[in-house]
K.L.:
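For reference, the structure I am asking about is given below.
Numbered from 1 within each chain, the chains take letters A, B, ... in sequence-line order. As a basis for the values below, the full set of heavy atoms in this structure was taken, side chains included, without hydrogen atoms, waters or symmetry mates.
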Protein chains: 2
Amino acid sequence: MTDNERQRLAWSQLLRTHAMALRAIEGKLKAAGQPPLAWYDLLLELERGGGEMRIGDLAERLVVERYNMTRLLDRVAGEGLVERRPDPTDRRGALAVITEAGRAKRADMWPHYRAAIDSEFSDALTGADAAALTAALRKVKARLAEG
Amino acid sequence: MTDNERQRLAWSQLLRTHAMALRAIEGKLKAAGQPPLAWYDLLLELERGGGEMRIGDLAERLVVERYNMTRLLDRVAGEGLVERRPDPTDRRGALAVITEAGRAKRADMWPHYRAAIDSEFSDALTGADAAALTAALRKVKARLAEG
DNA sequence: TTCTTATATATGCAAATGCAATCATAGCAA
DNA sequence: TTGCTATGATTGCATTTGCATATATAAGAA
């Protein structure tokens, strides 16, 4: 097999494995009565960003289109988990701010999400596998981020 | 870092890298006036399956929900790239059959898709990276396929 | 300042997806 | 055979996403 073939095979595996794992994990979250993955990612990113972040920055971090981030925030704010606040440094902008309820919700979700990741994904891999996976994916991500 | 942390980090990288790469590659296909990736995958899978395949089998292979495969086939058949045929061995079932136009379309798409994969994904990886990626993803897929 | 262009967010409408049926046929047990 | 349950495919309806545009503000040029 040539390197080109190896690389394209990796891409194909990435597509399929992503789809299968996501289906399994979202399914477990839903079965446990939890919100979708995107909500967790959003809340976690906000916590990591000190509780608030600009909408466009959030979208970029989470690799979601801006207009979809607008609407994801609409939904999550509808449950009181985040609030919008005008950005004092740029009147065009808006900050998404996590609420106390949002922090609590993320904490609630974590055990379910962790269990799902572990059983559907982590348990299939050794630590070395995981490290190799991360290293390779980082290279791709780095290239795409410049691109 | 513990193994658990390594594994969860790999999951997180998988999610983000998948989203970025898919966005870039779909964008290039669209810019080249080509249909979405899902059409390519569908046509390729049909060619590999000898030109025809049961709808449910196709859905399973491509990791798409059945009802979404029904509708993907509606769209692709609307362009004359596949046809539906009753399954002679099971009157509930239907076969998706690739047409000559479908084979031609897949061949047309390939150079664009290949260029996109190569520049957005493959070029970031050595052959060894790609092999390691594939090996790790296969393990995950194998677990998900039983589970 | 005024004009032009760029950026940040939001929105109307179309297309795609998810969910919960529905319909037809298979397969198997009584 | 009849009846019951399972399977394959589809469809109506709600939700989500993508695309094109709109609105407000910023930033820089004339």
K.L.:
Quickly work out the B:E60 CD to D:dT7 P distance and round it to whole Å.
P.N.:
13 Å

K.L.:
Quick one: A:L95 CG to C:dT9 C1', roughly how many Å, whole number?
P.N.:
12 Å

K.L.:
Please check: side-chain N/O of A:D129 versus main-chain N/O of A:T126, any donor-acceptor pairing under 3.5 Å?
P.N.:
yes

K.L.:
Rounded to the Å, how far apart are A:M69 CE and D:dT17 P?
P.N.:
10 Å

K.L.:
Could you give the distance from OH (B:Y67) to CG (B:L72), rounded to the nearest 0.5 Å?
P.N.:
13.5 Å

K.L.:
In whole angstroms, how far is the P atom of D:dT16 from the CG atom of A:L37?
P.N.:
14 Å

K.L.:
So A:D87, base contact, sugar-phosphate only, or nothing? Heavy-atom distance under 4.0 Å.
P.N.:
nothing

K.L.:
With under 30° as parallel and over 60° as perpendicular, where do the rings of A:H18 and B:H18 fit, or are they tilted in between?
P.N.:
parallel

K.L.:
Roughly how many Å is it from CD in A:E65 to P in C:dA8, rounded to a whole number?
P.N.:
14 Å

K.L.:
Would a hydrophobic clustering, with Ile, Leu, Val, Met, Phe, Trp and Tyr connected at side-chain separations under 4.5 Å, put B:L15 with A:M109?
P.N.:
yes

K.L.:
How about B:P86 and B:R91: do any of their side-chain heavy atoms sit closer than 4.5 Å?
P.N.:
no

K.L.:
Record whether the side chain of A:R66 comes under 3.5 Å of the base of C:dT9 through a donor-acceptor pair of N or O atoms.
P.N.:
no

K.L.:
Under a 3.5 Å distance rule, please check whether A:R16 uses its side chain to pair with a backbone N or O of B:R61 as donor and acceptor.
P.N.:
yes

K.L.:
In whole angstroms, how far is the P atom of D:dT15 from the CD atom of A:E26?
P.N.:
17 Å

K.L.:
Pick the closest DNA chain D nucleotide for A:D90 and for A:L72 by heavy atoms, then say which residue is nearer the 5' end.
P.N.:
A:L72

K.L.:
Could you check how far CZ of A:R92 sits from C1' of C:dA8, rounded to whole Å?
P.N.:
6 Å

K.L.:
Could you list, one pair per line, each protein nitrogen or oxygen that sits under 3.5 Å from a nitrogen or oxygen of nucleotides 11-16 of chain C, together with the distance?
P.N.:
residue, atom, partner, partner atom, Å
C:dG12, O6, A:R71, NH1, 3.2

K.L.:
Identify whether any heavy atom of B:R84 sits under 4.0 Å from a base atom; if not, whether one sits that close to sugar-phosphate; answer base, sugar-phosphate or nothing.
P.N.:
sugar-phosphate

K.L.:
Measure NZ/A:K30 against P/C:dT17 and give the value in whole Å, please.
P.N.:
16 Å

K.L.:
Can a salt bridge be assigned to the pair B:R92 and B:D87 using a cut-off of 4.0 Å between side-chain N and carboxylate O?
P.N.:
no

